[in-house]
**Q** 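Take this structure first; my questions come after.
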Amino acid sequence: MDATVPIRPEAKQGTIEIVGAGPAGLVCAIVLAKANRRVVVREWHQDVGHRFHGDFQGLENWSDAQNVLDELADAGVAADFDHRSVTEGIVFDSHAKAHRVHGSKPMFYLVRRGNAAGTLDRALLDQARTVGVEVRFNDRVKRTAGNMILAGGPRRANIITVGYVFDTTMADGAWLAFGAEIAPKGYAYLLVRQGRGTVASCMFSGFRDQAKYLAATVAYFERHAGLQMQRPRGFGGFGNVRLPRTAMQGGNPVIDEHAGFQDALAGFGLRYAMRSGRLAAQSVISGIDYTKAWRQALQPDLHGGVVNRFLLNQTGPRGIDYLVGKLGSTDTGDALGHAYRLSLPKRLLLPLARFHYRNPLQDRSCSHNNCDYVWCQHGAHEVADT
């Protein structure tokens with residue numbers, strides 16, 4: 001912990017330990033500390049943002065009527081990290097036809113991940129320390145005990161992202177592309193902001209061939225978006241998508257991707273992660289049932305993502321082209337929000353979608369033997385039961 005910020009003497013007895021210093025764990029810690037609880041965050045890596053390298057990500061703003069930054073403010077979390085609202089961009093359909101998309105409100109906020117100044121991870125760490133949270137790095141928790149909240153990140157890889165961060169003279173912009181040749185069952189993206197850029201393939205299958213798909217992604221955006229990279233630095237990450245039963249483990253709340261809270265369609269999980277951290281903190285503060293709380297706040301959108309993923313897998317390029325056309329012909333934020341709502345037809349499809357979802361995203365291309373794809377590079381392959 002920062003030695004200049006002592007634990008407040010009036011803090012209530014009983015330390016709450018949070019395992020993991022990702023956005024969910026740190027938001028949880030901030031909410032608890034502001035409610036006068038003594039909090040220790042235990043992170044087994046040496047710093048925050050260990051899985052990221054200054055790459056741009058999107059903090060989605062379409063799944064709820066409330067602006068995501070206002071939602072954070074209501075939780076007592078300041079948006080003092082670098083962010084930029086994105087209200088328009090270009091989406092390429094399966095035939096590489098460009099569609100301009102736009103929204104009357106931000107579709108998402110562009111944020112940077114990692115441990116550098118201005119990143120989401122560093123800003124949340126600084127806020128947590130300011131309110132008296134003790135953060136212990138290089139502290140690996142081997143078993144649960146006492147008052148713990150588990151925020152250890154993804155337990156398996158259902159999605160992987162490989163790409164480059166780079167410097168550029170390109171104008172700011174956001175581009176999204178679909179195609180099995182660049183991102184199997186997923187999408188590729190290019191994000192540029194003030195001379196910095198991120199280009200990546202986000203794939204739901206074919207993990208072992210990540211290098212091939214990344215090369216194809218770079219070539220695609222060079223042709224269709226004028227991609228220009230200077231000093232490219234490679235990066236990779238992975239995500240865990242599943243529907244937990246209770247999101248409890250050993251009597252402890254489980255949050256973020258440790259629980260599997262992730263969008264099954266597009267892999268936008270930051271908002272889910274931070275919201276789950278707030279819900280877990282509130283369960284401690286107010287004594288509410290955490291399982292009931294996350295099911296009410298998160299489950300409808302999680303189910304919507306599962307149905308969307310099922311439909312996309314069933315319809316393939318035709319479904320992609322239909323979706324892209326819809327996004328380009330109306331307010332994109334409104335269209336995305338509508339797409340995630342569980343309409344009556346989607347409710348009827350949900351049992352079938354869930355049946356096919358039991359293990360639909362587990363990639364079969366890798367045996368984990370002599371493999372250098374991004375999941376294997378991170379080592380452990382254990383799965384938490386929640």
**Q** If only atom types and distance count, is the side chain of Glu60 paired as donor or acceptor with the main-chain N or O of Phe268 below 3.5 Å?
**A** no
**Q** Are there over 12 heavy-atom neighbours, none belonging to Arg233, within less than 6.0 Å of that residue's CZ?
**A** yes
**Q** What pair of heavy atoms forms the shortest contact from Leu214 to Gly163, and how long is it?
**A** CD1-CA, 3.6 Å
**Q** Is any side-chain N of the basic residue among Asp55 and Arg113 closer than 4.0 Å to the acidic one's carboxylate O?
**A** no
**Q** To the closest 0.5 Å, what do you measure between CG (Leu344) and NZ (Lys346)?
**A** 12.5 Å
**Q** Flag the pair Gln194 / Arg84 as yes when at least one side-chain heavy-atom distance between them is below 4.5 Å, and no otherwise.
**A** no
**Q** Tell me the closest heavy-atom pair linking Pro300 and Arg295, and the distance in Å.
**A** CD-O, 3.4 Å
**Q** Would Phe81 and Tyr109 show up in the same hydrophobic cluster when neighbours are defined by side-chain heavy atoms closer than 4.5 Å?
**A** yes
**Q** Check the surroundings of atom CD in Gln66: do more than 12 heavy atoms from other residues, nucleotides or ligands lie under 6.0 Å from it?
**A** yes
**Q** When rounded to the nearest 0.5 angstrom, what distance separates CH2 in Trp294 from CG in Leu302?
**A** 6.5 Å
**Q** To the nearest 0.5 Å, how far apart are NE2 in His99 and OG in Ser329?
**A** 10.0 Å
**Q** Between Arg122 and Asp47, does any NZ, NE, NH1 or NH2 come within less than 4.0 Å of an OD or OE carboxylate oxygen?
**A** yes
**Q** Check whether Arg51 reaches the backbone of Phe238 with its side chain - one donor and one acceptor, N or O, closer than 3.5 Å.
**A** yes
**Q** Verify, without hydrogens or angle tests, whether Lys185 (side chain) and Arg309 (backbone) share a donor-acceptor contact under 3.5 angstrom.
**A** no
**Q** I'd like to know whether Met148 forms a side chain to side chain contact (heavy atoms under 4.5 Å, CB included) with Val141, so could you lay out the CA-CA distance, the side-chain angles of the two residues, the decisive distance to 0.1 Å, and finally the verdict.
**A** CA-CA 11 Å; Met148 276 188 172; Val141 176; 3.8 Å; yes
**Q** Look at the side chain of Thr246 and the backbone N and O of Thr291, then say whether any donor-acceptor pair between them is shorter than 3.5 Å.
**A** no
**Q** Do the side chain of Gln262 and the main chain of Gly269 share a donor and acceptor less than 3.5 angstrom apart?
**A** yes
**Q** Which atom pair, heavy atoms only, marks the closest approach of Ala151 to Ile18?
**A** CB-CG2, 4.5 Å
**Q** Can you confirm whether the side chains of Ser276 and Asp256 place a donor and an acceptor under 3.5 Å from each other?
**A** no
**Q** Of all heavy-atom pairs between Asn158 and Phe207, which one has the smallest distance, and what is that distance?
**A** O-CZ, 3.5 Å
**Q** Out of curiosity, does Tyr322 fall in the hydrophobic cluster containing Leu312 (side-chain heavy atoms, cut-off under 4.5 Å, transitive links)?
**A** no
**Q** Identify every side-chain donor-acceptor pair in residues 220-231 under 3.5 Å, counting partners at least two apart or on other chains, and give the distances.
**A**
residue	atom	partner	partner atom	Å
Gln228	OE1	Thr169	OG1	3.3
Arg231	NE	Asp167	OD2	2.9
Arg231	NH2	Asp167	OD2	3.2

**Q** Following the transitive rule for hydrophobic clusters with a side-chain heavy-atom cut-off under 4.5 Å over Ile, Leu, Val, Met, Phe, Trp and Tyr, establish whether Ile288 and Leu279 coincide in one cluster.
**A** no
**Q** Decide side chain to side chain contact (heavy atoms under 4.5 Å, CB included) for Val48 and Leu26; before the verdict, give the C-alpha distance in whole Å, the side-chain angles of both, and the deciding distance to 0.1 Å.
**A** CA-CA 10 Å; Val48 292; Leu26 292 172; 4.3 Å; yes
**Q** In the structure I gave you, are the side-chain heavy atoms of Ser94 and Asp321 within less than 4.5 Å of one another anywhere?
**A** yes
**Q** Could you state the interatomic distance from CG (Asp82) to CZ (Phe56), rounded to the nearest 0.5 Å?
**A** 8.5 Å
**Q** Looking at Asn61 and Val68, would you say the former's side chain and the latter's main chain have a donor-acceptor pair under 3.5 Å?
**A** yes
**Q** With distance as the sole test, does Tyr187 use its side chain to make a donor-acceptor pair with the main-chain N or O of Leu176 at under 3.5 Å?
**A** no
**Q** Does this structure show an ion pair linking Arg271 with Glu71, if we count only N-O contacts that are shorter than 4.0 Å?
**A** yes
**Q** Do Asp209 and Met203 have side chains that approach each other closer than 4.5 Å (heavy atoms only, starting at C-beta)?
**A** no
**Q** If you measure from CD1 on Ile320 to CG on Asp93, what distance do you get to the nearest 0.5 Å?
**A** 9.0 Å
**Q** Might you confirm whether atom NZ of Lys105 has over 12 heavy atoms from other residues, nucleotides or ligands at distances under 6.0 Å?
**A** yes
**Q** Counting C-beta onward and ignoring hydrogens, is there a side-chain heavy-atom pair between Val254 and Asn252 closer than 4.5 Å?
**A** no
**Q** Between Thr15 and Asn147, what is the shortest heavy-atom contact and its length?
**A** O-CB, 3.7 Å
**Q** Within the 4.5 Å heavy-atom criterion, are Thr119 and Phe52 side-chain neighbours or not?
**A** no
**Q** Are Leu323 and Thr315 side-chain neighbours, meaning at least one heavy-atom pair lies under 4.5 Å?
**A** no
**Q** Could you please spell out the steps behind the side chain to side chain contact (heavy atoms under 4.5 Å, CB included) verdict for Tyr340 and Asp263?
**A** CA-CA 10 Å; Tyr340 279 80; Asp263 171 27; 2.7 Å; yes
**Q** Are Val40 and Trp44 linked, directly or through other ILVMFWY residues, by side chains that come within less than 4.5 angstrom of each other?
**A** no
**Q** Please tell me if the side chains of Leu59 and His83 come closer than 4.5 Å, counting only heavy atoms from C-beta onward.
**A** no
**Q** Just do the side chain to side chain contact (heavy atoms under 4.5 Å, CB included) check on Leu336 and Leu327 with the steps written out, would you?
**A** CA-CA 7 Å; Leu336 286 168; Leu327 295 179; 3.9 Å; yes
**Q** Can any side-chain N or O of Thr332 pair as donor or acceptor with the backbone N or O of Gly103 at less than 3.5 Å?
**A** no
**Q** How far does CG of Asp139 sit from CD of Glu17, to the nearest 0.5 angstrom?
**A** 8.0 Å
**Q** Would the number of heavy atoms belonging to other residues, nucleotides or ligands and lying under 6.0 Å from CD of Gln314 be above 12?
**A** yes
**Q** Would the distance check show the side chain of Arg347 and the main-chain N or O of Leu342 forming a donor-acceptor pair, the cut-off being under 3.5 Å?
**A** yes
**Q** Where do Ala353 and Phe310 come nearest, in terms of heavy atoms and distance?
**A** CB-CB, 3.7 Å
**Q** Find out whether Phe261 and Pro244 are in side-chain contact, i.e. whether some heavy atom of one side chain is under 4.5 Å from a heavy atom of the other.
**A** yes
**Q** Considering residues at least two apart in sequence or located in another chain, which fulfil the side-chain contact (heavy atoms from CB on, under 4.5 Å) criterion with Ala200?
**A** Thr161, Tyr189, Phe235
**Q** Checking Arg196 side chain against Leu191 main chain: does a donor-acceptor pair fall under 3.5 Å?
**A** no
